[in-house]
Amino acid sequence: MSKRIKIKDIFSAPVNQAYTIMGWVRTFRNNQFISVNDGSCLANIQVVINSDQIGEDVIKRITSGAGISIQGTLIESQGKGQTVEIVADRVEILGDCDAETYPIQLKNRPSLEYLREIAHLRFRTNAFSAIFRVRHALAFAIHKFFNDRGFFYIHSPIITASDAEGAGEMFQVTTLDLNNPPRNEDGSINYKEDFFEKHTNLTVSGQLEAELAALALSEVYTFGPTFRAENSNTTRHLAEFWMIEPEVAFNDLDDNMDLAEDMLKYLIQYALDHCAEDLAFLEQRLLDEEKQKPQADRSEMTLIEKLKFCLEHPFERLTYTEAIDILKNSTPNKKGKFQYPIKAWGADLQSEHERYLVEKHFKKPVILTNYPKEIKAFYMRMDEDGKTVRAMDVLFPGIGEIIGGSQREERLDKLMQRMEEMHIPKDEMSWFLDTRKYGSVPHAGFGLGFERLVLFVTGMTNIRDVIPFPRFPGSAEF
RNA sequence: GCCCCUUUAGCUCAGUUGGUUAGAGCGACGGACUGUUAAUCCGCAGGUCUCAGGUUCAAGUCCUGAAAGGGGCGCCA
């Protein structure tokens, strides 16, 4: 028996030779043509069988979804629609698939909502196999981008005792018996008896740990799961998501923006170069979906046009103060169309304002910088005016905030002052403050929400469709 | 957490002002078919109209509540 060849490779393999392919039946037509997919690429290989040669009992078992092994000869296709096909000598059913109960009937174009409920099987569809191949390519490209630039991949902890990062509600980690936890004399729970002998949570960010590494290795990044127990019910939030957090010593805010823009463009280019077939499919899927919508709600660009547009234009960089001016004088603000009208400097920007800037005013990715200190985290570097901090948010069309970052406050006295103002317990953060005490240098970094990047590149609209097994309030299936 | 929408066959959806026995396409199943491409053709089965109350002579249709799903907002990545 010949060695198995992946379907991805068979289209360029020499013809008139014997091959073995394995995969799953997509369709079976005319008792003669099997479309087989093994997930290595979007395309199916057409297998031609001769019913005289393949027994009736086997033919009966060639159903949609069945696992199958085919041995045969690759030939130039005798029909239209494909360049090559396999004439089968041997067909073996590896795993039967009962068509009566199999929940995926591809010809019905099942809805994304339905497939979300059967996430364990949705990999079997073209859309989800394409999404997860693109997701893989982007994950790989992230490591390649940083490795090629001399960054070191730091594994920040998943379980953390640090409760002071301020990035959101946390999931507690404990081995204590919830029905009968050990108590202190005052009735509070005695975490001294917990596994770590202290109160611990799942991490909401690897940033602080990345800063520790950056202040020795200079250029580092993290790429790991992150957990937020916020009760967020949107198409852009997950309780468990993956985040990329580069942190670079000696970088200022401009360097940080350059790194963010270079990285995003590199990743988009990588996807265009390596996932052309999948992206073309996802583009068509999006076009089909938008046909249902009224003309006004449809995108002006196709998916691939949109991705290329991002590469070709510099991201618009402006300060929060400049953005407020634009918004204050904008037509929707004057006509009272904003749900939250922009009245004065200092207001937090709502997603309607971000959308206006990105989708209406500039019509391209925007980097907003120098926000008021009151609406940003304690670790961001204070500007000279004492009012704003060196923060930056990268806003993408359709996604909103895809990156949030800043130049960090490296001056010990200023950092301590901010922690006091924002009621961050200093005693728990001594390890973090040590970096400012001993050889502190300017540095900057940011966090990229990986799923938000995948959303943008694949053109999907719900973040629950770009992670294999999404976790969100009320749902931890599979 | 707040607001809005949806729920009818395995899937995607029709179902008029409340009025006989609730429909279609696809899928499944049975059959035909040796060049199909979401194959085609013929045939057939498939329903507690999400659930619990209520209004009414009469409810898939109206009202109340619940559940599940979707969307928007907030929190952020």
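One donor-acceptor pair, N or O on each side, does fall under 3.5 Å between the base of B:rC75 and the side chain of A:Ser232. Put simply, the side chain of A:Arg236 and the base of B:rA77 share no donor and acceptor less than 3.5 Å apart.
Residue ring and nucleobase are not stacked for A:Phe33 and B:rG35 under a centre distance beneath 5.5 angstrom and an angle between planes beneath 30°.
Spacing between B:rU7 and B:rG31 at atom C1', rounded to whole Å, works out to 37 Å. Nucleotides B:rG65 and B:rC4 are separated by 11 Å at their P atoms, to the nearest Å. Only the P atoms considered, B:rG19 is 33 Å distant from B:rG27, to the nearest whole Å. The same atom, P, is picked in B:rC51 and in B:rU56; the two are 23 Å apart, to the nearest Å. Taking the P atom of each, B:rG30 and B:rG71 are spaced 38 Å apart, rounded to whole Å. Remark: the separation of the C1' atoms in B:rG43 and B:rC33 is 15 Å, to the nearest Å. Straight-line distance between the P atoms of B:rA22 and B:rA66: roughly 31 Å, to the nearest whole Å.
Atoms CD (A:Glu354) and P (B:rC75) sit 9 Å apart, rounded to a whole Å. Distance A:Asn231 CG to B:rC75 C1': 10 Å, rounded to the nearest Å. Taking atom NE2 of residue A:His353 and atom C1' of nucleotide B:rG72, one finds them 15 Å apart after rounding to whole Å. One interatomic measurement links the two molecules: CD1 of A:Ile59 to P of B:rG30, which rounds to 14 Å at whole-angstrom precision. Going from atom OH of A:Tyr356 over to atom P of B:rC73 covers 18 Å, rounded to whole Å. Whole-Å rounding puts the A:Leu106 CG to B:rG25 C1' distance at 17 Å. Nucleotide B:rA38 holds its P atom 17 Å from the CD1 atom of A:Ile34, rounded to whole Å. In this structure, A:Phe28 atom CZ and B:rU40 atom C1' are separated by 15 Å, rounded to whole Å.
Under 4.0 Å is where a charged nitrogen must lie from a carboxylate oxygen, and between A:Glu316 and A:Lys364 at least one such pair does. The pair A:Lys306-A:Glu300 does not count as a salt bridge, with every side-chain nitrogen at least 4.0 angstrom from each carboxylate oxygen. No salt bridge links A:Arg464 with A:Glu451; every basic N to acidic carboxylate O contact stays at or beyond 4.0 Å. The pair A:Lys265-A:Glu261 counts as a salt bridge, with a side-chain nitrogen and a carboxylate oxygen less than 4.0 angstrom apart. Note on A:Asp393 versus A:Lys376: salt bridge recorded, some NZ/NE/NH1/NH2 to OD/OE distance being below 4.0 Å.
Shortest non-hydrogen contact noted between A:Ala88 and A:Ile49 is CB-CG2, 3.8 Å. Between A:Gly459 and A:Leu286, the shortest heavy-atom contact is O-CD1, 3.3 Å. Closest approach of A:Ala119 and A:Phe469 over heavy atoms only: O-CE2, 4.0 Å. Here the shortest heavy-atom pairing between A:Arg26 and A:Arg124 reads NH2-O, 2.8 Å.
Among the protein residues, A:Glu230 comes within range of the nucleic acid bases, having at least one heavy atom under 4.0 Å from a base atom. Among the atoms of the strands shown, base atoms are found under 4.0 Å from some heavy atom of A:Leu238. Using a 4.0 Å heavy-atom cutoff across all strands shown, A:Ser351 reaches sugar-phosphate atoms only and no base atom. Across all strands shown, A:Thr27 has heavy atoms under 4.0 Å from sugar-phosphate atoms exclusively, and none from any base. Contact annotation for A:Phe396: no contact, since no heavy-atom pair falls under 4.0 Å across all strands. Residue A:Glu85 is classed as a base contact, given a heavy-atom separation below 4.0 Å to a base.
One finds a side-chain N or O of A:Lys60 lying less than 4.0 angstrom from the OP1 or OP2 phosphate oxygen of B:rG31. Close to B:rC76, at under 4.0 Å from its OP1 or OP2, lies no side-chain N or O of A:Arg452. Dashed line: the shortest gap from a side-chain N or O of A:Thr234 to OP1 or OP2 of B:rG72 is not under 4.0 Å. Look at A:Gln46 and you won't find any side-chain N or O under 4.0 angstrom from OP1 or OP2 of B:rU36.
Side-chain N/O atoms of A:Thr222 and A:Glu209 include no donor and acceptor closer than 3.5 Å.
With hydrogens and angles ignored, the 3.5 Å screen pairs a side-chain donor or acceptor of A:Glu322 with a backbone N or O of A:Thr319.
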Report task. Quick one: do A:Gln207 and A:Tyr379 satisfy side chain to side chain donor-acceptor pair (under 3.5 Å)? Show the steps, please. Result -> CA-CA 10 Å; A:Gln207 181 200 313; A:Tyr379 48 72; 3.1 Å; yes
Which atom pairs link the protein and nucleotides 65-70 of chain B when you take only N or O atoms and keep those under 3.5 Å?
from   : atom 1 : to       : atom 2 : distance (Å)
B:rG70 : OP1    : A:Arg116 : NH1    : 2.7

Check nucleotides 32-34 of chain B against the protein and report each pair of N or O atoms closer than 3.5 Å, with its distance, or say if there are none.
from   : atom 1 : to      : atom 2 : distance (Å)
B:rC33 : O2     : A:Asn30 : OD1    : 2.7
B:rC33 : N4     : A:Asn31 : ND2    : 3.1
B:rU34 : O2     : A:Gln32 : NE2    : 3.4
B:rU34 : O4     : A:Asn50 : OD1    : 3.3
B:rU34 : O4     : A:Asp52 : OD2    : 2.9

Would you tabulate the pairs of protein nitrogen or oxygen atoms and nucleotide nitrogen or oxygen atoms of nucleotides 48-50 of chain B closer than 3.5 angstrom?
none

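In this structure A:Arg116 satisfies the salt bridge (charged side-chain N to carboxylate O under 4.0 Å, His left out) test together with A:Asp465, sequence neighbours excluded. Looking at residues two or more places apart in sequence or on another chain, you find a salt bridge (charged side-chain N to carboxylate O under 4.0 Å, His left out) between A:Arg285 and A:Glu289. Every residue two or more places apart in sequence or in another chain was checked for a salt bridge (charged side-chain N to carboxylate O under 4.0 Å, His left out) with A:Arg228, and none qualifies. With sequence neighbours left out, the side-chain contact (heavy atoms from CB on, under 4.5 Å) criterion links A:Ile118 to A:Pro103, A:Ile104, A:Tyr114, A:Leu115, A:His120. Not counting sequence neighbours, the partners of A:Gln269 by the side chain to side chain donor-acceptor pair (under 3.5 Å) test are A:Asp273.
Here the nucleotide nearest the side chain of A:Asp348, chosen from B:rC73, B:rG35, B:rC75, is B:rC75.
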Query raised in the report: What string of B, S and - do you get for nucleotides 2-11 of chain B 5' to 3' if you count protein non-hydrogen atoms under 4.0 Å?
Result: --------BB
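For RNA chain B, the stems formed by at least three consecutive Watson-Crick or G-U pairs, with both atom-pair distances below 3.5 Å, span B:1-7 with B:67-73, B:10-13 with B:23-26, B:29-32 with B:40-43, B:50-54 with B:62-66.
In this structure, A:Ser64 and A:Ile75 both approach RNA chain B, and ranking their closest nucleotides by distance from the 5' end singles out A:Ser64.
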Please list every donor-acceptor pair under 3.5 Å in which a side-chain atom of residues 5-12 of chain A meets a protein atom from a residue at least two apart or in another chain.
from    : atom 1 : to     : atom 2 : distance (Å)
A:Ser12 : OG     : A:Asp9 : O      : 3.4

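The stretch residues 339-348 of chain A participates, sequence neighbours left out, in these side-chain hydrogen bond (donor to acceptor under 3.5 Å, both in side chains) pairs: A:Thr321-A:Trp345.
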